[in-house]
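Accompanying notes for the structure given below.
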Amino acid sequence: QVQLVESGGGLVQPGGSLRLACAASGSAFSIYPMGWYRQAPGKQRELVAHITSGGSTNYADSVKGRFTISRDNAKNTMYLQMNSLKPEDTAVYSCNLETAFYTYWGQGTQVTVSS
């Protein structure tokens, strides 16, 4: 019903920036909340940022002031702008879309922050 495809991951230096995108296929994209999660090796997956259909946002304390989540409903795409990146931001980043009956996940994209 819904497919999510992520892009934009890669290797960046500390202090650098990266923009992730999550493109959705299928109908009814605009009415559902979405979020970005990340999981580092050996660690539990954590919520990074969340956005409702109306554009209200929430962020993990560790990324507030550095990351910005947004969505473009006309393009069926969600974004995560990441600035002032730190080595501890290194993780696999995944996007999701929440319905009343099922949560859809993207495949994940690797973000590595290293000198």
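What you see is a predicted model, and the numbers here were worked out from it, not measured in a lab. Atom set for the values below is all heavy atoms of this structure, side chains included, hydrogens, waters and symmetry mates excluded.
Rounding to the nearest 0.5 Å gives a distance of 8.5 Å between OG1 of Thr103 and CG of Leu97. Atom CH2 of residue Trp36 and atom NE2 of residue His50 lie 13.5 Å apart, to the nearest 0.5 angstrom. Note that CG of Asp89 is 4.0 Å distant from CZ of Phe67, once rounded to the nearest 0.5 Å. With values rounded to the nearest 0.5 angstrom, Ser25 atom OG is found 8.5 Å from Asn76 atom CG. Here the CZ atom belonging to Arg71 is positioned 8.0 Å from the CE atom belonging to Met78, to the nearest 0.5 angstrom.
Scored by the side chain to side chain donor-acceptor pair (under 3.5 Å) test, Ser70 finds no partners at all (sequence neighbours excluded). For the side chain to side chain donor-acceptor pair (under 3.5 Å) test, no residue two or more places apart in sequence or in another chain qualifies with Gln39. Evaluation of the side-chain contact (heavy atoms from CB on, under 4.5 Å) rule for Ser114 yields Leu11, Thr112 as partners, not counting sequence neighbours. Arg19 is linked by a salt bridge (charged side-chain N to carboxylate O under 4.0 Å, His left out) to nothing, counting only residues two or more places apart in sequence or in another chain. Partners of Glu98 by salt bridge (charged side-chain N to carboxylate O under 4.0 Å, His left out), not counting sequence neighbours: none found. For Ser17, the side-chain contact (heavy atoms from CB on, under 4.5 Å) partners are Gln81, Asn83, not counting sequence neighbours.
Within a 6.0 Å sphere centred on CD of Gln13, other residues, nucleotides and ligands contribute 12 heavy atoms or fewer.
Under the 4.5 Å side-chain heavy-atom criterion for ILVMFWY residues, a single connected hydrophobic cluster contains both Val63 and Val12. When hydrophobic clusters are built by joining Ile, Leu, Val, Met, Phe, Trp and Tyr residues whose side-chain heavy atoms come closer than 4.5 Å, directly or via intermediates, Ile31 is grouped together with Leu4.
Closest non-hydrogen pair, Ala49 versus Leu80, comes out as CB-CD1, 4.3 Å. The minimum heavy-atom distance between Val113 and Thr90, with the atom names listed, is N-OG1, 2.9 Å. Between Ala40 and Ala91, the shortest heavy-atom distance links the atoms N-CB, 3.8 Å.
Note on residues 53-115: pairs passing disulfide (SG to SG under 2.5 Å), not counting sequence neighbours, are Cys22-Cys95. For residues 43-59, the set of pairs meeting the salt bridge (charged side-chain N to carboxylate O under 4.0 Å, His left out) definition, not counting sequence neighbours, comprises Arg38-Glu46. Each disulfide (SG to SG under 2.5 Å) pair with one or both residues in residues 29-73, not counting sequence neighbours, would appear here, but there are none. Annotation: ring-ring contact (aromatic ring centres under 6.0 Å, His included) contacts involving residues 72-115, sequence neighbours excluded, comprise Tyr37-Trp105, Tyr102-Tyr104.
Listed for the Thr109 side chain is no donor-acceptor partner under 3.5 Å among the backbone atoms of Glu6.
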Using distance only, find each side-chain donor-acceptor pair of residues 53-61 under 3.5 Å and give its atom names and separation, not counting sequence neighbours.
from  : atom 1 : to    : atom 2 : distance (Å)
Tyr59 : OH     : Ile69 : N      : 2.9
Asp61 : OD1    : Lys64 : NZ     : 3.2

